[in-house]
Amino acid sequence: MRPKIFTFEPMNNFLNELKWRGMLADSMPGTEEWLSKGPTAGYVGFDPTADSLHVGHLVQIMLLVHLQRAGHTPIALIGGATGMVGDPSGKSQERNLLSANDIAHNTAAIRKQMESFLDFSSAKLLNNLDWFGSMGFIDFIRDVGKHIPVTYMMAKESVKKRLETGMSFTEFTYQLLQGYDYYHLYTQHQCRLQMGGTDQWGNMTTGTELIRRKAQGEAYAFTTPLITKADGSKFGKTESGNIWLSPEKTSVYDFYQFWLRSSDSDAAKYIRIFTLKSKEEIEALEAQHALAPHELKLQRALAEDITVRVHGAAGLKMAEKTSDMLFGKATTEELKALSESEILQIFSGVPMFYVAPAEFQSCTELAELLSVKAAVFASKSEARRMLQAGGVSINQSKVGLNDLPTNNSLIQGKYLLVQKGKKNHHLLIVQNS
RNA sequence: GGGGAGAUACUCAAGCGGUCAACGAGGACAGACUGUAAAUCUGUUGCCAACGGCUUCGCAGGUUCGAAUCCUGCUCUCCCCA
């Protein structure tokens with residue numbers, strides 16, 4: 001007989017896990033000890049500023065995932081109330097306020113996205129509007145404001161930085177709101193841990209301070225490092241903006257490509273943070289990658305793992321198919337052999353432009369077709385420049401300034417695959433839209 | 001309230017009567033090399049019916065054959081003194 005199927009793993013496995021994955025920046029004294037004592041609850045806050053999460057949020061979500069796997073209770077706190085106020089941390093300007101309607105809509109959408117990461121049979125999803133919504137201003141300043149000295153609040157980096165350029169009372173108060181969140185979770189949900197990005201440190205300590213003063217309790221916190229790219233630019237952004245989890249905002253293909261295109265050093269970092277692969281597994285992948293870097297094993301493993309999780313197996317399959325078609329050795333002939341439904345399916349993640357047949361026929365210059373008729377380029381000059389530089393392909397073959405596609409060039413009589421530079425593809429559809 | 005400085009393209013930043021669509025740097029994009037990587041090198045970077053034309057240098061007027069450059073007013077920003 002096996003003595004026990006489940007031995008209570010020391011909970012500091014959780015922090016060790018985060019350490020080797022490079023997800024731990026700073027932690028309050030005592031955090032590790034507390035976590036090793038037994039299951040506890042920990043939370044991360046999310047602002048409902050948009051109706052989708054983006055890849056930047058993924059770090060915090062993974063924290064909750066690891067927390068859950070280590071046997072603790074993860075709490076995702078949606079800032080339905082605080083989102084109406086705006087956090088000054090890490091921002092140089094006063095934030096725009098969102099309407100209550102927008103926030104409700106965003107909250108619902110975010111809740112849904114989190115469900116593919118966390119098991120909500122044990123995880124909790126709370127909205128701080130539930131406790132702030134009914135709280136009056138007088139109650140707040142009596143119950144919360146009374147406990148935290150202004151000098152303490154002023155000493156925070158987020159406040160100091162903004163004191164010169166100016167900040168409203170609203171934003172100044174923000175740390176008290178977030179601090180109260182923690183206090184509330186501490187008293188109502190036995191939450192003893194707050195996690196977040198380094199820019200949240202100040203707000204997090206206001207929370208533990210409030211808990212200490214108001215409830216004579218001990219609570220803990222730790223932060224994750226700011227995720228950066230090797231070239232110093234911001235993580236999660238491309239020329240075209242944020243990479244969102246919502247397929248309406250970022251196509252599944254673009255999402256997949258975002259991860260696939262990461263540089264070697266970034267991929268090694270990301271795969272630790274954004275996947276649950278074991279250390280051994282990752283190191284083996286890295287070794288394989290070093291042997292045959294052109295196969296992009298590391299990047300592929302990374303992209304596959306996250307894409308499946310966010311967009312499902314079908315989403316991944318489509319993204320891979322599209323990528324094969326666009327970056328593989330697909331020739332003009334192979335493209336032409338595709339059926340119409342295959343084309344629409346495979347290129348569903350690629351931006352499409354409609355051109356009326358009459359417009360297509362009457363067009364006398366390629367640059368005009370690609371700028372005026374279909375906005376692949378912002379202006380005709382830009383299109384010409386790019387054509388001259390040899391940066392444009394149609395149906396997988398290079399074209400120049402004087403080329404002009406005819407009816408014969410159209411795939412299935414109406415499609416034209418336009419490639420701008422190395423990795424920007426567009427589908428031109430010749431039909432009345 | 002008094003005094004001073006400034007506003008130029010995506011950003012920083014030259015230019016201070018014609019030769020300015022505007023030096024330079026960064027960024028961005030493209031080409032070569034590669035692995036849809038990194039680094040490096042090269043090119044491009046207001047618009048168009050393109051050896052030419054048009055619209056841009058905070059806004060509105062004015063002087064002049066000619067203005068980003070000079071004058072007047074306005075708006076905004078920053079600094080110093082009360």
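All chains are named by letter (A, B, ...) in the order of the sequence lines, taking the proteins before the strands, and each is independently numbered beginning at 1. Being a predicted model, the structure only gives us computed values, none of them experimental.
- If you check every strand for non-hydrogen atoms under 4.0 Å, A:Gln388 touches nothing.
- Nucleotide B:G1: paired with B:C81 (Watson-Crick or G-U wobble, both distances less than 3.5 Å).
- You'll find that the side chain of A:Ser263 is closest to B:A37, out of B:A37, B:A30, B:U36.
- Between the CG atom of A:Leu298 and the C1' atom of B:A38 there is a distance of 14 Å, given to the nearest Å.
- With rounding to whole Å, A:Gln299 atom CD is found 9 Å from B:G35 atom C1'.
- Within the 4.0 angstrom heavy-atom criterion, no nucleotide atom of any strand lies near A:Glu295.
- Considering only side-chain N and O atoms, A:Lys420 lies nowhere under 4.0 angstrom from the phosphate OP1 or OP2 of B:G31.
- Each of A:Ser379 and A:Ser323 was matched to the nucleotide of RNA chain B holding its nearest heavy atom; the match closer to the 5' end belongs to A:Ser323.
- Under 3.5 Å, the side chain of A:Glu382 and the base of B:U45 form no donor-acceptor pair of N or O atoms.
- For the pair A:Lys380 and B:A49, the criterion of a side-chain N or O lying under 4.0 Å from OP1 or OP2 is met.
- As a whole-Å value, the separation of A:Glu368 CD from B:A50 C1' is 14 Å.
- For B:A49, one of the phosphate oxygens OP1 or OP2 lies less than 4.0 angstrom from a side-chain nitrogen or oxygen of A:Arg384.
- Remark: the backbone N or O of A:Lys423 is paired with a side-chain donor or acceptor of A:Arg261 at under 3.5 angstrom.
- For A:Lys146, the NZ atom sits in a loose shell: 12 or fewer heavy atoms of surrounding residues, nucleotides or ligands are nearer than 6.0 Å.
- In this structure, B:C70 and B:G62 make a Watson-Crick or G-U wobble pair, each of the two defining distances being under 3.5 angstrom.
- Distance, A:Arg261 CZ to B:A38 P: 11 Å, rounded to whole Å.
- Classified by interplanar angle (parallel below 30°, tilted 30° to 60°, perpendicular above 60°), the ring pair A:Phe255/A:His311 is perpendicular.
- With RNA chain B read from its 5' end, the first of the two nearest nucleotides for A:Glu365 and A:Arg385 is the one closest to A:Arg385.
- Judged by Watson-Crick or G-U wobble contacts below 3.5 Å, the nucleotide B:A13 has no partner.
- Rounded to a whole angstrom, the distance from the C1' atom of B:G26 to that of B:C33 is 24 Å.
- Atom NZ of A:Lys336 sits in a crowded spot, with more than 12 heavy atoms from other residues, nucleotides or ligands closer than 6.0 Å.
- Across the P atoms, B:A9 and B:A60 are found 15 Å apart, a figure rounded to whole Å.
- Applying the 90° criterion around 0 to the glycosidic angle, B:C51 comes out syn.
- Remark: the separation of the P atoms in B:A68 and B:C23 is 15 Å, to the nearest Å.
- B:A28 is paired with B:U44 under the criterion used here, namely a Watson-Crick or G-U wobble arrangement in which both key atom distances are under 3.5 Å.
- Side chain of A:His147 to main chain of A:Val144: no donor-acceptor pair is present (N/O by atom type, distance under 3.5 Å, no hydrogens or angles).
- The CG-C1' distance, from A:Asp264 to B:A37, rounds to 5 Å in whole Å.
- Nucleotide B:C20 forms no Watson-Crick or G-U wobble pair with any nucleotide shown, as no partner meets the under 3.5 Å limit on both distances.
- By the 30° and 60° cut-offs, the orientation of the rings of A:Trp34 relative to A:Tyr220 is parallel.
- If you check every strand for non-hydrogen atoms under 4.0 Å, A:Ser381 touches a base.
- In this structure B:C76 sits in a base pair with B:G6, meeting the Watson-Crick or G-U test at under 3.5 Å.
- The P atoms of B:U11 and B:C47 are separated by 16 Å, rounded to the nearest whole Å.
- Between the CG atom of A:Leu296 and the C1' atom of B:A38 there is a distance of 13 Å, given to the nearest Å.
- Within 4.0 Å of A:Arg300, counting heavy atoms only, lies no atom of the nucleic acid at all.
- To the nearest 0.5 Å, the span separating OG1 on A:Thr206 from CD on A:Gln200 amounts to 10.5 Å.
- Counting to the nearest Å, the P atom of B:C29 and the CZ atom of A:Phe377 are 13 Å from each other.
- Only the C1' atoms considered, B:A22 is 13 Å distant from B:A13, to the nearest whole Å.
- Rounded to a whole Å, the CG atom of A:Leu260 is 12 Å from the P atom of B:A38.
- Searching all strands for a Watson-Crick or G-U wobble partner of B:G35 with both distances below 3.5 Å returns nothing.
- For A:Asn424 and B:A30, the shortest distance from a side-chain N or O to OP1 or OP2 is below 4.0 Å.
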